[in-house]
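For this chain, numbers begin at 1 and follow the sequence in order.
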Amino acid sequence: MALRRALHFVFKVGDRTKTATFYRDVLGMKVLRHEEFEEGCKATCNGPYDGKWSKTMVGFGPEDEHFVAELTYNYGVGEYRLGNDFMGLTLQSSKAVSNAKHLGWPLTKVEEGLYLTHAPGGYPFYLIDQEQPLTDPVQKVCLAVSDLQKSIHYWNTLLGMKVLDRNEQKKTVLMGYADTQCKLELHDVCGSVDHGTAFGRIAFSCPRDQLPDLESLMKKENQNILTPLVSLDTPGKATVEVVILADPDGHEICFVGDEAFRQLSSVDPQGNELLNQAMADDKSEEWFAKHNRQKATA
């Protein structure tokens with residue numbers, strides 16, 4: 001399983017302009033690529049919505065060596081309901097802390113050297129007030145679970161993720177495919193997990209030839225397969241193959257063939273300009289106002 005990599009987490013965003021400010025100006029991430037689509041994704045990358053949408057990948061560096069964020073924006077949806085499923089993304093950057101203070105972005109001190117802030121839409125981010133490392137600043141993603149033992153079995157035994165640390169008092173376990181990658185923290189909330197409508201998706205890559213075996217294993221173990229092995233086309237770019245699963249608490253997990261994904265995820269030097277242009281060309285707010293309507297709340 002050493003060949004598997006943590007790639008990104010998918011966030012649904014209702015306000016693309018404020019979201020861009022948070023990731024670029026507060027966190028200090030870069031736009032890695034931006035794409036516009038006229039219809040919904042076959043693998044529901046943008047959620048269960050048809051119609052026009054966009055995908056923006058942002059991070060501290062290329063996805064080959066960094067865990068990044070995938071921001072999906074549906075033109076007709078202005079707000080999503082948060083659940084308790086996503087408990088936070090932790091990154092190390094004193095620059096992000098100073099950026100937030102300078103811009104007046106709300107910060108809450110959790111403990112010495114650790115701050116909590118929120119992305120537009122309410123997603124929690126934890127900022128470690130230390131110099132940004134030369135490697136990936138993104139340390140971990142924390143997800144809520146209802147039965148820690150059951151979740152450990154799923155992620156460790158079935159998906160091959162190593163248990164790196166466990167805290168009985170906090171009811172958490174830290175897992176990962178490699179020490180150098182972004183980690184996954186599972187936190188037992190001693191109750192049900194609510195995904196709301198803002199639910200995201202975590203993505204990993206693996207060698208392409210592992211995908212059929214992964215799908216077969218999940219069928220054998222009677223686990224939930226949301227999207228059986230499917231090819232996703234991006235015009236002018238590599239075609240990737242994915243299998244999308246759901247863990248015992250319904251967290252969506254995308255496994256993508258690594259070879260093609262490395263081509264697809266290459267940094268587009270025009271990404272930042274494309275995002276800026278898309279936001280400038282976005283007349284959806286004006287259209288809804290002109291027709292005396294509001295964007296949908298999902």
ring-ring contact (aromatic ring centres under 6.0 Å, His included) with F9: which residues, sequence neighbours excluded?
F11, F86

Path from L174 to I253 over hydrophobic side-chain contacts below 4.5 Å:
no

Short side-chain donor-acceptor distance under 3.5 Å, S54 and R16
yes

In H34, K30, R24, Q277, the residue satisfying side-chain hydrogen bond (donor to acceptor under 3.5 Å, both in side chains) with N272 is R24

What about F22 and W105, are their ring centers closer than 6.0 Å?
yes

Does Q270 form a side-chain hydrogen bond (donor to acceptor under 3.5 Å, both in side chains) with R33? I'd like the steps, not just the answer.
CA-CA 7 Å; Q270 301 300 315; R33 65 185 192 276; over 6 Å; no

Going by atom types alone, do Y75 and E36 pair a side-chain donor with an acceptor below 3.5 Å?
yes

Going hydrophobic residue to hydrophobic residue with side-chain gaps under 4.5 angstrom, can you get from I225 over to V256?
no

With a 3.5 Å distance limit and no angle check, can you tell me whether Q181 reaches the backbone of R4 through a side-chain donor-acceptor pair?
yes

Sequence-distant partners of C142, side chain to side chain contact (heavy atoms under 4.5 Å, CB included), two or more places apart:
M87, E185, H187

Just wondering, do K55 and M57 contact through their side chains at under 4.5 Å, heavy atoms?
yes

I'd like to check D249 versus S151 (side-chain heavy atoms, cut-off strictly below 4.5 Å). Are they in contact?
yes

Is the backbone N or O of P137 less than 3.5 Å from a side-chain atom of Q139, with the two atoms forming a donor-acceptor pair by type?
yes

Could you tell me which residues satisfy side chain to side chain contact (heavy atoms under 4.5 Å, CB included) with V110, sequence neighbours excluded, listed by chain and number?
L114, L116, Y126

List in chain and number order the residues that pass side chain to side chain contact (heavy atoms under 4.5 Å, CB included) with V267, two or more places apart in sequence or in another chain; answer none if no residue qualifies.
L32, P62

Could you list the residues that satisfy salt bridge (charged side-chain N to carboxylate O under 4.0 Å, His left out) with R166, not counting sequence neighbours?
E168

For P106, is there any backbone N or O sitting under 3.5 Å from a side-chain donor or acceptor partner on T117?
yes

Under 4.0 Å between a Lys/Arg side-chain N and an Asp/Glu carboxylate O for E79 and K12?
no

Would a 4.5 Å heavy-atom cut-off, applied to side chains only, mark V58 and L71 as touching?
yes

Using a strict threshold of under 4.0 Å (side-chain N to carboxylate O), is an ion pair present between D64 and R262?
yes

Check A198 against L82 and note the closest heavy-atom contact, atom names and distance.
CB-CD2, 3.9 Å

Hey, does the side chain of S93 reach the backbone of Q132 with a donor-acceptor pair shorter than 3.5 angstrom?
no

Sole candidate of L164, L143, L159, V173 that passes side-chain contact (heavy atoms from CB on, under 4.5 Å) when paired with L184
L143

Once ring pair (Phe, Tyr, Trp, His ring centres under 6.0 Å) is applied, what residue pairs with a partner in residues 206-249 remain, sequence neighbours excluded?
none

Under 3.5 Å side-chain donor-acceptor pair for Y73 and D282
yes

N99: which of K101, H102, K95 passes side-chain hydrogen bond (donor to acceptor under 3.5 Å, both in side chains)
K95

Hey, does the side chain of D188 reach the backbone of L148 with a donor-acceptor pair shorter than 3.5 angstrom?
yes

